[in-house]
Each structure stands twice: as structure tokens, then as C-alpha cells.
Amino acid sequence: MDCLFCKIVAGEIPARKLYEDEHVLAFHDIAPQAPLHFLVIPKKHISTLNDLTVEDTALAGHILFTAQRLANEQGCEAGFRVVMNCNEMGGQTVYHIHMHVMAKRQMTWPPG
Ligand code: 5GP
Ligand code: ZN
């Protein structure tokens with residue numbers, strides 16, 4: 001499958017990894033939008049949030065708790081932002097779901 005993030009999971013494209021286990025991988029974003037900006041992805045290919053199924057409930061929770069734990073390990077006690085973009089109007093550009101975690105600057109609302 002021609003998927004950028006599956007290639008990162010497979011080690012075919014390098015990434016600055018923060019954490020990896022059997023089910024998820026976390027790595028720094030190549031074009032950070034904040035001083036700290038990393039992505040948490042499932043190792044399993046899921047194209048968009050709309051493709052999550054009830055069987056993925058534990059995986060989705062694991063992604064969320066991995067984001068929480070890593071943010072706190074990276075010293076984000078002042079706060080952080082989590083974003084998941086879905087499809088074109090949601091701003092998604094890589095069609096393998098990923099949770100953005102951004103921190104270490106003041107976030108504003110609404111996002112662009
Ligand atoms: P999306 O726009 O789909 O929500 O987010 C995709 C993210 O993946 C973007 O923030 C983009 O900078 C990041 N990205 C795209 N290609 C690469 C890559 O090859 N390596 C890494 N580490 N991040 C990437
Ligand atoms: Zn993929």
C-alpha cells in the first residue's frame with residue numbers, strides 16, 4: 001500500500017520516534033506547527049476517522065492515552081492541544097489516521 005505513515009511504521013522512511021509499542025507509534029512532525037508537535041498513529045492502516053469501527057475502540061483509547069502520557073513526559077503541564085483532521089474539509093493530508101499533539105506555545109481559538 002502506498003501510504004506514507006505505513007512506510008514510517010515499516011521503517012522504510014525515517015522518523016524521529018518518541019514511542020513505539022505493538023499497536024501505536026509516536027514521532028515528531030516533519031513540519032512542526034508548535035515548539036513541540038508530534039503525531040500518534042496506529043500501526044494498523046486506517047485511512048480516516050470515519051473508517052474507525054467499534055472493534056477499534058481499545059486502539060482509539062490507546063492512541064489518546066499515549067498522547068496524554070507523552071505530552072506529560074515532554075513537560076506539557078501548562079497544557080497542550082490534540083487535533084485529528086478528517087477528510088479534505090477537515091484539513092487531512094495524510095490518509096492514515098494520526099493524532100496531532102502540539103504544545104509549548106499559547107494556542108488560540110478558533111483554529112484555522
Ligand atoms: P494532516 O494534515 O493529515 O492532519 O497531518 C499530516 C501531518 O503529517 C502534517 O502535520 C505533516 O507535516 C506531517 N508529515 C507529512 N509527511 C511527513 C513525513 O514524512 N514525516 C513526518 N514526521 N511527518 C510528516
Ligand atoms: Zn497507512
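Everything quoted here is computed from the prediction, not taken from an experiment. Atoms within each ligand, like the ligands themselves, are counted from 1 in listed order.
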Report summary line: Atoms of ligand 1 under 4.0 Å from any heavy atom of Ala31, numbered from 1 in the order shown, are 12 (O)
Query raised in the report: Mind checking whether Leu64 and Leu39 sit in one hydrophobic cluster, side chains of I, L, V, M, F, W, Y counted as touching below 4.5 Å?
Result: no
Requested in this report: Would you give the length of the straight line joining atom CD of Glu20 to atom CZ of Phe27, rounded to the nearest 0.5 angstrom?
Outcome: 11.0 Å
Report task. Show your working on ring-ring contact (aromatic ring centres under 6.0 Å, His included) between His37 and His100 and close with a plain yes or no. Result -> CA-CA 7 Å; His37 184 177; His100 295 261; 5.1 Å; yes
**Report entry** Protein contact to atom 2 (O) of ligand 1 [nearest heavy atom, distance to 0.1 Å]
**Finding:** Thr93 OG1, 2.8 Å
Query raised in the report: Quick one: are Ile97 and Ser47 in side-chain contact, heavy atoms under 4.5 Å?
Result: no
Query raised in the report: Can Tyr95 be said to touch ligand 1, with heavy atoms closer than 4.0 Å?
Result: no
Report task. Report yes or no: does Asp29 have a heavy atom closer than 4.0 Å to ligand 1? Result -> yes
Query raised in the report: So which protein N/O/S atoms does the Zn ion (ligand 2) have within less than 2.8 Å?
Result: Cys3 SG, Cys6 SG, His45 ND1, His96 ND1
Query raised in the report: So which heavy atom in the protein is nearest atom 24 (C) of ligand 1, and how far is it from that ligand atom?
Result: Ile30 CG2, 3.4 Å
Report task. Could you tell me whether ligand 1 has any atom less than 4.0 Å away from a heavy atom of Ala15? Result -> no
Query raised in the report: Quick one: which ligand 1 atoms are inside 4.0 Å of a heavy atom on His28?
Result: 22 (N)
Query raised in the report: Taking non-hydrogen atoms only, is Leu4 closer than 4.0 angstrom to ligand 1 via side chain, backbone, both or neither?
Result: side chain
Query raised in the report: With the 4.5 Å side-chain cut-off for hydrophobic clustering, are Ile46 and Tyr95 part of the same group?
Result: no
Query raised in the report: Which is it for Leu39 and ligand 1 at heavy atoms under 4.0 Å: side chain, backbone, both or neither?
Result: side chain
**Report entry** Numbered atoms and elements of ligand 1 in range of Val94, under 4.0 angstrom, heavy atoms
**Finding:** 3 (O), 6 (C)
Query raised in the report: Would you say Leu70 and Met102 are hydrophobically clustered, going by side-chain heavy atoms of ILVMFWY under 4.5 Å?
Result: no
Report task. List every atom of ligand 1 that sits less than 4.0 Å from any heavy atom of Asn85, numbering the atoms from 1 in the order shown and giving each element. Result -> 1 (P), 4 (O)
Report task. Report the part of His100 (side chain from C-beta onward, or backbone N, CA, C, O) that has a heavy atom under 4.0 Å from ligand 1; answer both or neither where that applies. Result -> side chain
Query raised in the report: Using a distance-only test with no angle check, is there a side-chain donor-acceptor pair under 3.5 angstrom linking Asn85 and His98?
Result: no
**Report entry** Part of His98 within contact of ligand 1 (heavy atoms, under 4.0 Å)
**Finding:** side chain
Query raised in the report: Can you name the one residue among Leu49, Val40, Thr48 that meets side chain to side chain contact (heavy atoms under 4.5 Å, CB included) with Met84?
Result: Leu49
**Report entry** Ligand-side contact atoms (ligand 1) for residue partner Phe27, heavy atom cut-off under 4.0 Å
**Finding:** 21 (C), 22 (N)
Query raised in the report: Going through the distances and angles, do Lys43 and Asp21 end up as a salt bridge (charged side-chain N to carboxylate O under 4.0 Å, His left out)?
Result: CA-CA 9 Å; Lys43 288 193 165 176; Asp21 65 24; over 6 Å; no
Report summary line: The atoms of ligand 1 lying under 4.0 Å from a heavy atom of Gln92, numbered in the order shown, are 3 (O)
Report summary line: One finds that the ligand 1 atoms under 4.0 Å from a non-hydrogen atom of Phe5 are 8 (O)
**Report entry** Shared hydrophobic cluster for Ile63 and Leu36 (ILVMFWY, side-chain gaps under 4.5 Å)
**Finding:** yes
Query raised in the report: With a 4.5 Å limit on heavy-atom distance, are the side chains of Arg69 and Tyr19 in contact?
Result: yes
Requested in this report: Report yes if the side chains of Lys7 and Asp2 come closer than 4.5 Å at any heavy-atom pair, otherwise no.
Outcome: yes
**Report entry** Sub-4.0 Å heavy-atom contact, Met84 with ligand 1
**Finding:** no
Query raised in the report: Say you draw a straight line from CZ of Arg105 to CZ of Arg81; how long is it, rounded to the nearest 0.5 Å?
Result: 7.5 Å
Query raised in the report: Taking NZ, NE, NH1 and NH2 as the nitrogens, is one of them in Asp56 or Lys44 under 4.0 Å from a carboxylate oxygen of the other?
Result: yes
